[in-house]
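The structure appears below as C-alpha cells.
Residue numbering restarts at 1 for every chain, and letters A, B, ... go by the order of the sequence lines.
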2 protein chains.
Amino acid sequence: MQSAPLSIGKLARLTDVKIPTIRFYEQIGLLPEPDRTESERRVYGDAAVRRLSFIKHARQLGFSVEAIRALLALTDDPDRPCEEANALAAEQLAEVEEKISRLTALRAELQRMVAAGCHGRAGDCRVIEALSDDSQCEHGRPLNLAEV
Amino acid sequence: MQSAPLSIGKLARLTDVKIPTIRFYEQIGLLPEPDRTESERRVYGDAAVRRLSFIKHARQLGFSVEAIRALLALTDDPDRPCEEANALAAEQLAEVEEKISRLTALRAELQRMVAAGCHGRAGDCRVIEALSDDSQCEHGRPLNLAEV
DNA sequence: ATGCATCCTCTAGCCACTAGAGGAGCAAGG
DNA sequence: CCTTGCTCCTCTAGTGGCTAGAGGATGCAT
C-alpha cells in the first residue's frame, strides 16, 4: 500500500510544514535526502510523511532539534533500549513546568501593572513606575532573560 | 548625590547584565552612548544604572526590544500621555496568558507520555508512539512552532 | 505557444544575545 | 621599575529554528 510519490509542495500541504522548513530539516539532517526527478525535484514517499509528522509533533511539544535527532535515532533502530526517550520526555516536561511557573509569576506582575493602570501623563504612569522599580516584585533573580 | 562613575564591568555587576549585552543595548540604541575616558573606556553614571535596570526588568517580563524602546520613549518624555504604556502592558499580559494556556496543554500531553513510560525496546516505546501519532492529542492546529 | 504555478539553489535576515580573536590599558605586588 | 593578570576595546561570527527573497529552470493546462 505505497501511496503515490509526493512533490515537496504536496508533502508540505499534507503535513502542514512549510516548504523552506522541509528543505531546512533536510539540510540539518533530520530528514534524509530524498530521491530526485531528472530535473532535480525532490520526490517523497510515505516514510517522509511519517518522519516529518513526527518531527512536527515533537517541535510542537517544544523538543529541541537535538532532542528530536535522538528520538529519531531511536525510531530508526527499534531494538535499542528506550530509557533515553523516557528521559527526554521527562526533561521536556520539567522544562515546560518550569516555564509555566515563571510565566505564572510574570502574569501576576503584569496583572498588577495593568490593574493599576494610568490615565494621564507618562510621568505618573503606574506601568512605567512598576517597570522602573523591581523592588516589589520577586520573580526570582536567575530569570534567564532568553527563555522565559 | 551623584554616585561615583562606573566602568562597564561595575555596571554589569550592579545590574546583573552581562558586559556584551550592555554593549549590544548601546549598539541598538536602548542605552545612550556613554562618556569615555582618554583610553576610550566607557564611563557610566546613575542614570545608566536606572535605565539598564528598567530594560532588564522589562525583558524579564517578556517585553520585546521594540516595546521597550517605546516605553523608554515615554520615560524620556513624562508629559506624553501614557495610554501606550497601558496598551503595551495589556498586550504583553495577553501574550503571557496565551503562552501559559499553550504550555498547559503541552504539559498535559507530556504528562500522559511520561506516565505511560516504557521499559524495553524502542520499538514498543509509548513515548515514541505518542510522538508518532498525533491523532489523540488536540493542542490546536495553529500552534505556532516558533513561540510556544 | 503562453502563462502561471511550482520547483531549484543560494544568500541573507530575524531576535536577543553570546563567544572568541587579537590587542591595549591599568593597578597591585615584588 | 617591571611584570602579572585583570579589565577593557573593537570586530566578526555563531546560536536556534526557521523565513524571505533573488534569480532562474521546469511542469502543466489551455
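- Summarising the geometry, the separation between NZ on K18(A) and C1' on dG17(D) is reported as 12 Å, rounded to the nearest angstrom.
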Yes or no on salt bridge (charged side-chain N to carboxylate O under 4.0 Å, His left out) for R42(A) and E26(A), after CA distance, side-chain angles and deciding distance? CA-CA 11 Å; R42(A) 290 168 177 84; E26(A) 178 184 328; 2.8 Å; yes
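- Contact detail for L6(B) and L14(B): the closest heavy-atom pair is CD1-CD1, 3.8 Å.
- When the nucleotides dT26(D), dC9(D), dC17(C) are ranked by their closest atom to the side chain of T21(B), dC17(C) comes out on top.
- Listed candidates were dT6(C), dC17(C), dG25(C). Nearest to the side chain of R41(A) is dT6(C).
- When rounded to the nearest whole Å, the span between CD1 of I22(A) and P of dC18(D) equals 12 Å.
- In this structure, R23(A) reaches the dC8(C) phosphate: one of its side-chain N or O atoms is under 4.0 Å from OP1 or OP2.
- Each of dT9(C), dC18(D), dA16(C) was ranked by its minimum atom distance to the side chain of Y25(A); first place goes to dC18(D).
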Report the C-alpha distance between K18(B) and R23(B) in whole Å, list the side-chain angles of each, state the deciding distance to 0.1 Å, and finish with yes or no for side chain to side chain contact (heavy atoms under 4.5 Å, CB included). CA-CA 9 Å; K18(B) 289 178 189 149; R23(B) 291 197 274 244; over 6 Å; no
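- Distances shorter than 4.0 Å separate none of the side-chain N or O atoms of S64(B) from OP1 or OP2 on dC15(C).
- Counting non-hydrogen atoms under 4.0 angstrom, I28(A) reaches nothing in the nucleic acid.
- Nucleic acid contact class of T37(A) (heavy atoms, under 4.0 Å, all strands): none.
- Rounding to the nearest 0.5 angstrom, the gap separating the CD1 atom in I28(B) from the CD atom in E66(B) is 8.0 Å.
- What separates NZ of K56(A) from P of dG17(D) is a distance of 17 Å, to the nearest Å.
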Hey, mind stepping through V43(B) and R36(B) against side chain to side chain contact (heavy atoms under 4.5 Å, CB included) and telling me if it holds? CA-CA 5 Å; V43(B) 179; R36(B) 302 275 186 142; 6.0 Å; no
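- Atom P of nucleotide dC6(D) and atom CD1 of I19(B) are separated by 14 Å, given to the nearest angstrom.
- Residue F63(A) contributes atom CZ, which lies 13 Å from atom P of dG17(D) at whole-angstrom precision.
- Phosphate contact (OP1/OP2 of dT10(D), side-chain N/O of R42(B), threshold under 4.0 Å): present.
- We find that NZ of K10(B) is positioned 11 Å from C1' of dA27(C), with the value rounded to whole Å.
- The distance between atom CG of L11(A) and atom P of dC7(C), rounded to the nearest whole Å, is 10 Å.
- Between S39(B) and dC26(C), a side-chain N or O to OP1/OP2 separation shorter than 4.0 Å is present.
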